[in-house]
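Notes follow once the structure below has been shown.
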Amino acid sequence: MNTKKVFFTTPIYYVNAKPHLGHAYTSIAADVATRFKKMAGFETFFLTGTDEHGDKIVQAAEKQNTTPKEYADNISRLFQDLLPVLNIENNFFIRTTDPSHIKIVKNILSKIHESGDIYFSSYEGLYCFGCERFYQERELVGGKCPDHGTVPEVIKESNYFFKMGKYQEWLINHIKTNPDFIRPKQYKKEILSFLKEPLEDLCISRPKSRLTWGITLPFDEEYVTYVWFDALVNYISALSFPDGELFKKFWPNTRHFVAKDIIKPHGIYWPIMLKAAGIKIYNGLNVHGFWNVKGSKMSKSIGNVTDPIEVTGIYGTDAFRYFLMREMVFGLDANFTRETIVSRINSDLANDLGNLFSRVLSMNHRYFKGEVKGPDKKIQEEKMLSLEPDAVTAIDAFTKAMDLCEFHRGIGAIWQFVSIMNKYIDKNAPWVLAKDDAEKPYLETVIYNLIEGLRLVSGLIYPVMPETSCKMQKALNMEKGNNEFYTLKEISQWGQIKKGSIIENPKILFPRIDTDKIKSSEPVKLAKPFKPALKEEITIDDFAKVDLRTGIVIKAEKIKNSNKLLKLQVDLGAETRQVIAGVAKSYTPEEITGKQVIVVANLKEVKLMGEISQGMLLAATHTKKIVLSGFDKEIMPGNPVK
RNA sequence: GGCGACGUAGCUCAGUUGGUCAGAGCAUGCGGCUCAUAUCCGCAGAGUCCGGGGUUCAAGUCCCUGCGUCGCUACCA
């Protein structure tokens, strides 16, 4: 038997926070893809796990007075416990602290090091000891660390670097010649556009003086490897690279599922790492968008971080899985609100599918005491009663869409068939046929086709709603054993329902959710979200750190080679400051001269386009329009503004 | 500022290579049925397919430009 094989992964989730909606989506999407491929006859392997090394974990652990390992154990446990709640059937759960993983990371590092693609180099940078990290100049706030408010020190450090630039052309070519390598295609474009600029080499180490919570480099005891190098290797360490059966079986028939924020590591570092280590390149990357919640990005300060366990508890696992897969166009962002999920559940699940199931089975019960009758071939042909052609169409559209991870379309194809069945009932009006004994064969044919249709639907929804699939099949006397399912091939054959068997009166598949109740129990929050999102709350003391003063622009001139910056001399009373302001698009030097402005007077000076800037003007911006702040009456320069 | 994506009915969005492409779902209104979870079925809305140019016998669908939204990136103080 030469079965086709495919390997699906989620990213390994960083253990610095508990799982949220986004994690749940990625995992469910990969689970749906895996289940679908199983239906299509593939042998599959599905991997997820946690990423547990690095600075942040050490810091978080210290805060809780615990060890990094213990801290990681706790959060990793949360991710592991989430899986059964979401009904995710992973084959393995990897942790970057697993000894076997660590061994393989070292193996790969050695390989690349030996081939000469890792080199040692030192560099100077601005280092904040509080944060234990380097900052780029532009990341600083007023020349100070944004977290600690201290001025970072210039220090020299040596590290190991991975020669990524060497493989840039190769990668561009690889992406172009493998159109499915990055999907959907907007992300392929994004990566290619990024690759137009020269790739910088990747720093892959940290000295142990700064960080010990990591994997020691095999070629230098004094260093640990850093972030992505450790994390990405999980995809093959979990398969026991290089000699494991799993690796031989599944690599490189791999599709990685990731959210759009980590396409660079996966679309650039990872293939180059594989190439440099002489390992085959994985088949492809499936990139999805973000879930916004109530119209805003999920964030702690807004308080809309959504807990998948809580949501599942309210709506049920299958409904939650259905909603996520149906609502999000794979690749694009989507919005999560109580209204949208309730609307999906009520109209798609309760009204369309649930009610169809209920009405068909109860008619069968009412007219035939639950016994499954067969179709009358003659009448079926005469009146074109067979639903088989529509079923074939549905299976076909479903399969095509699911193959491309276009889950929303795959589901759409099933629901189109559901809609056809509802119309079919209306058209043939079984309740009318039931009044006339002569129409009995007609009635039997209609009901039979409907039951068959439900059988098909029960099979097709399996990847998305495994529990409901099983429930329906049980009701239809078509259930398989535990954890078993019908393959596409098996469900495709029309006319499989067991004639003569007795089908019970149906139970409700999906109860409707009373929207009135929700409205009354939930205070209406119609507040429009801020755009951009509101920053973190500060105290009056925080604000008091900013020294605002009144000023008057006494001189203004353009800066060469800059279409945005003006060089201003601003009178602050006690002294005249030079301020470089990015207002040239909206103000000419003539216009701005003489204006009263508000100046941030205690801002650390910086150089912009070679000119010293000793402050900053307050202004409002909307797109490209800039409007300076000012006063409605005359005021002396140098006054404090509060 | 640079690069890129997008802008289609009240809402969420489909619309492949230019010619039944002006659509679906939800919401709304009216009508029908009663098997069903007050569910289902039918009909209606008509929307300058963001504005303006252009290519073409023919353009949401191609080109240019303006505006708007979003992403990446930068000299954003």
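Every chain is numbered from 1, with letters handed out A, B, ... down the list of sequences. Because only heavy atoms are used, hydrogens play no part in the values below, and waters and symmetry mates are left out as well, while side chains stay in. As the structure is a computational prediction, the values presented were derived from the model and not from experiment.
Between A:Pro511 and A:Ser343, the residue whose closest nucleotide on RNA chain B is further toward the 5' end is A:Ser343. Nearest-nucleotide positions on RNA chain B for A:Leu353 and A:Ala334 put A:Ala334 closer to the 5' end.
The side chain of A:Arg359 places no N or O atom within less than 4.0 Å of a non-bridging phosphate oxygen (OP1 or OP2) of B:rA38. Not one side-chain nitrogen or oxygen of A:Arg344 sits closer than 4.0 Å to the OP1 or OP2 atom of B:rC26. Contact annotation: A:Lys427 side-chain N/O to B:rG32 OP1/OP2 distance is not under 4.0 Å. Residue A:Lys423 places none of its side-chain N or O atoms closer than 4.0 Å to OP1 or OP2 of B:rC40. For the pair A:Arg366 and B:rA36, the criterion of a side-chain N or O lying under 4.0 Å from OP1 or OP2 is met.
Of the possible donor and acceptor atoms, none in the side chain of A:Tyr322 sits under 3.5 Å from a partner among the backbone N and O of A:Arg344. A:Thr550 contributes no side-chain N or O that, together with a main-chain N or O of A:Ile598, makes up a donor-acceptor pair within less than 3.5 Å. A donor-acceptor distance shorter than 3.5 angstrom exists from the side chain of A:Thr399 to the backbone of A:Ile395, with no hydrogens or angles considered.
No engagement by A:Leu450 is indicated, since no non-hydrogen atom pair under 4.0 Å with the nucleic acid exists. Residue contacts for A:Asp333: at a heavy-atom cut-off of 4.0 Å it reaches no nucleic acid atom on any strand shown. Counting non-hydrogen atoms under 4.0 angstrom, A:Tyr367 reaches the backbone sugars and phosphates but no base. Using a 4.0 Å heavy-atom criterion, one finds that A:Leu361 contacts no nucleic acid atom at all. Among the atoms of the strands shown, only primed sugar atoms or phosphate atoms (P, OP1, OP2) are found under 4.0 Å from some heavy atom of A:Lys264.
Set against B:rA14, B:rC35, B:rC41, the side chain of A:Met363 has B:rC35 as its closest nucleotide. With B:rA14, B:rC33, B:rC41 as the choices, the nucleotide that has an atom nearest any side-chain atom of A:Trp431 turns out to be B:rC33. The nucleotide whose nearest atom lies closest to any side-chain atom of A:Asn351 is, among B:rU37, B:rC35, B:rC40, B:rC40.
When each of A:Leu456, A:Asn449, A:Val457 is tested with A:Met421 by the rule side-chain contact (heavy atoms from CB on, under 4.5 Å), just one qualifies, namely A:Val457.
The CZ-P distance, from A:Phe417 to B:rA24, rounds to 21 Å in whole Å. For the pair A:Glu406 CD and B:rG15 P, the computed distance is 8 Å after rounding to whole Å. As a whole-Å value, the separation of A:His408 NE2 from B:rC26 C1' is 16 Å.
Taking the C1' atoms as reference points, B:rG15 lies 15 Å from B:rG47, given to the whole Å. Taking the P atom of each, B:rG42 and B:rC26 are spaced 11 Å apart, rounded to whole Å.
For the residue pair A:Tyr442 and A:Asp436, no side-chain donor N or O sits within less than 3.5 Å of a side-chain acceptor on the partner.
The aromatic rings of A:Trp291 and A:Phe323 sit tilted, their planes meeting at an angle between 30° and 60°.
The pairing partner recorded for B:rC21 is none, the criterion being a Watson-Crick or G-U wobble arrangement whose two distances lie under 3.5 angstrom. Of the nucleotides present, none pairs with B:rU55 by Watson-Crick or G-U wobble criteria with both distances under 3.5 Å. When Watson-Crick and G-U wobble pairs are counted only if both distances are under 3.5 Å, B:rA5 pairs with B:rU69. Judged by Watson-Crick or G-U wobble contacts below 3.5 Å, the nucleotide B:rG31 has B:rC41 as its partner.
Base orientation of B:rG25: anti, the glycosidic angle falling outside 90° of 0.
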